[in-house]
Amino acid sequence: MKTNPQSLPLPNIERSDFAQDFLWGCSTSSYQIEGASDVDGRVESIWDRFSAQPGNISDGSSGKFACDHYHRWPEDLDIAHEFGLNAYRFSIAWPRIFSENGSKPNQKGLDFYSRMVDGMLERGLQPWATLYHWDLPQVLQDRGGWAERSTIAQFVEFADVMSHHLGDRVRNWITHNEPWCTAMHGNWDGVHAPGNKNFKTALQVCHHVLLSHGLAIPVIKANVPDAKVGIALSLHPVRAASTAQVDVDATVRHDGLRNRWFLDPLHGRGYPQDIWQLCGSDAPVVEPGDLAAIATPVDFLGVNYYFPEVIANAPDATPIQAKVIVMPDRERTAFGWEVAPEGLATLLKRIIQDYQPAPIYITENGSTYEDVLEEDGSINDVERRNYFIRHLAVLRDVIAQGIVVKGYFAWSLMDNFEWAEGYRRRFGMVYVDFATQKRSVKSSGYWYARFLKGKR
Ligand code: FCB
């Protein structure tokens, strides 16, 4: 039976349940909100190219206009300020900085981010910059993209330019957002740009992305002496659909590729050998020194948590694949993602127990529902508000048990271009009318503001 979230008893949470210096933010990403895709020297990204091909985006849209944040960012940062956030996570569009002839970076792109960072600081928002949230310049893809080792040097140069340019004001840097998605959605199932469907390519991409992360860290630190550098991973608690050995084994495999394939090398263990064996000739080319570079210590681990997975054996699939079971009796968002606040506790405890990581920040957590814009302009998104309250209550409780989590970034400040789903999936605390670009704060946004202005 589907639970009606409105009928659930809601935990009581207060800001004062969290440390004084806890960070409260929202996350966004460049391609999903900026629009302005052909102004001020921005070059084409893989998402421009991918979106233009019919069938790739479910509503046929693209990020060409998105939230027009490129022009409207002062208004958007005003809202973030009015919410009472003390941090704001954004990403830098590499195509705004990249210059085809490889000489000077695009000054107009640099100026844009410089102005926006000033705007954050003026509003009391600590800037958290993500360098790569999936918008690779298409010209680099034409040369092989992340599957090509030379892209690593390009990324490290990009990290150098940005940290040099913004490092006097931006201390917190996330190298990559969700390498799993970059590698696997982009190159294995092909639902994201550049849309490849090749497992071997996906694994090579993954290796290069992780390596570029490790190699960028000392470069950022050389430019920003007090920098805090980390990576944001999409991680999922997994459990077996039954106690049958085949399902248990399938769960270990699934976890191996979904979680351990990233957490292990980042924590100095190299790639998990059980999965490596299963990869056979698809395993990536790893050069001497690569694994040490990937394991360069980070200052924090960003955890993006959305949903847990239930796993069964898939007899007809490749040796590495397992089946993700959709359990019928679970509460779900409009995306079909299971709503499982306790999964956050399971996940965090597992990470702590198995990896003893750097301090954790929840760099994304959020939900999509069918929002209704009422005639009076209100959006009563009770389910989304409850989702946040329930996840934050779990977070408070695991912190009380000794797990070090230092901040929470809700996904997302405003509705935006949700990748292959286009504008059909709204994740924002602010409703965006994409035809008029009018912003309306949803109930969840008003709740966040009340919570943040409440008892400290
Ligand atoms: C995450 C992405 C983010 C957004 C949310 C819903 O995987 O990092 O850009 O699409 O999902």
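Small disclaimer: the values here were computed from a predicted structure and weren't measured. Just the heavy atoms: all of them, side chains too, but no hydrogens, waters or symmetry mates, feed the values below. Each ligand, and each atom within it, is numbered from 1 in the order the structure gives.
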Exercise. Is it the case that more than 12 heavy atoms not belonging to K406 sit under 6.0 Å from its NZ atom?
Worked result: no
Exercise. Does atom CD of Q353 have more than 12 heavy-atom neighbours, drawn from other residues, nucleotides or ligands, at distances under 6.0 Å?
Worked result: no
Exercise. Which residue owns the protein heavy atom closest to atom 3 (C) of ligand 1, what's the atom, and how far is it?
Worked result: E364 OE1, 3.4 Å
Seminar exercise, completed: If we number the atoms of ligand 1 from 1 as shown, the ones under 4.0 Å from a heavy atom of Q32 are 3 (C), 4 (C), 9 (O), 10 (O)
Problem set entry | Side chain proximity check, R42 to D48, heavy atoms < 4.5 angstrom | yes
Problem set entry | Per-atom contacts of ligand 1 with W419, taking only distances under 4.0 Å to non-hydrogen atoms | 3 (C), 4 (C), 9 (O), 10 (O)
Seminar exercise, completed: protein heavy-atom neighbour closest to atom 10 (O) of ligand 1 works out as E418 OE1, 2.7 Å
Exercise. Taking the side chain as C-beta and beyond, is there a heavy-atom pair between C279 and Y271 under 4.5 Å?
Worked result: no
For this session: Measure centre to centre between the rings of F50 and W134, then say whether the value is under 6.0 Å.
Result: no
Seminar exercise, completed: re atom 7 (O) of ligand 1, the protein heavy-atom contact at minimum distance is E178 OE1, 2.5 Å
Exercise. Any non-hydrogen atom of H133 lying under 4.0 Å from ligand 1?
Worked result: yes
Exercise. Which protein non-hydrogen atom lies closest to atom 5 (C) of ligand 1, naming both residue and atom, and how far is it?
Worked result: Y306 OH, 3.2 Å
Exercise. Under 4.0 Å from any heavy atom of N177, which atoms of ligand 1 are there?
Worked result: 8 (O)
Problem set entry | ligand 1 atoms in contact with F427 (distance to a heavy atom under 4.0 Å) | 6 (C)
Problem set entry | Close aromatic pair by centroid cut-off 6.0 Å: F451 and W24 | yes
Problem set entry | Sole candidate of F335, W180, W337 that passes ring-ring contact (aromatic ring centres under 6.0 Å, His included) when paired with Y306 | W337
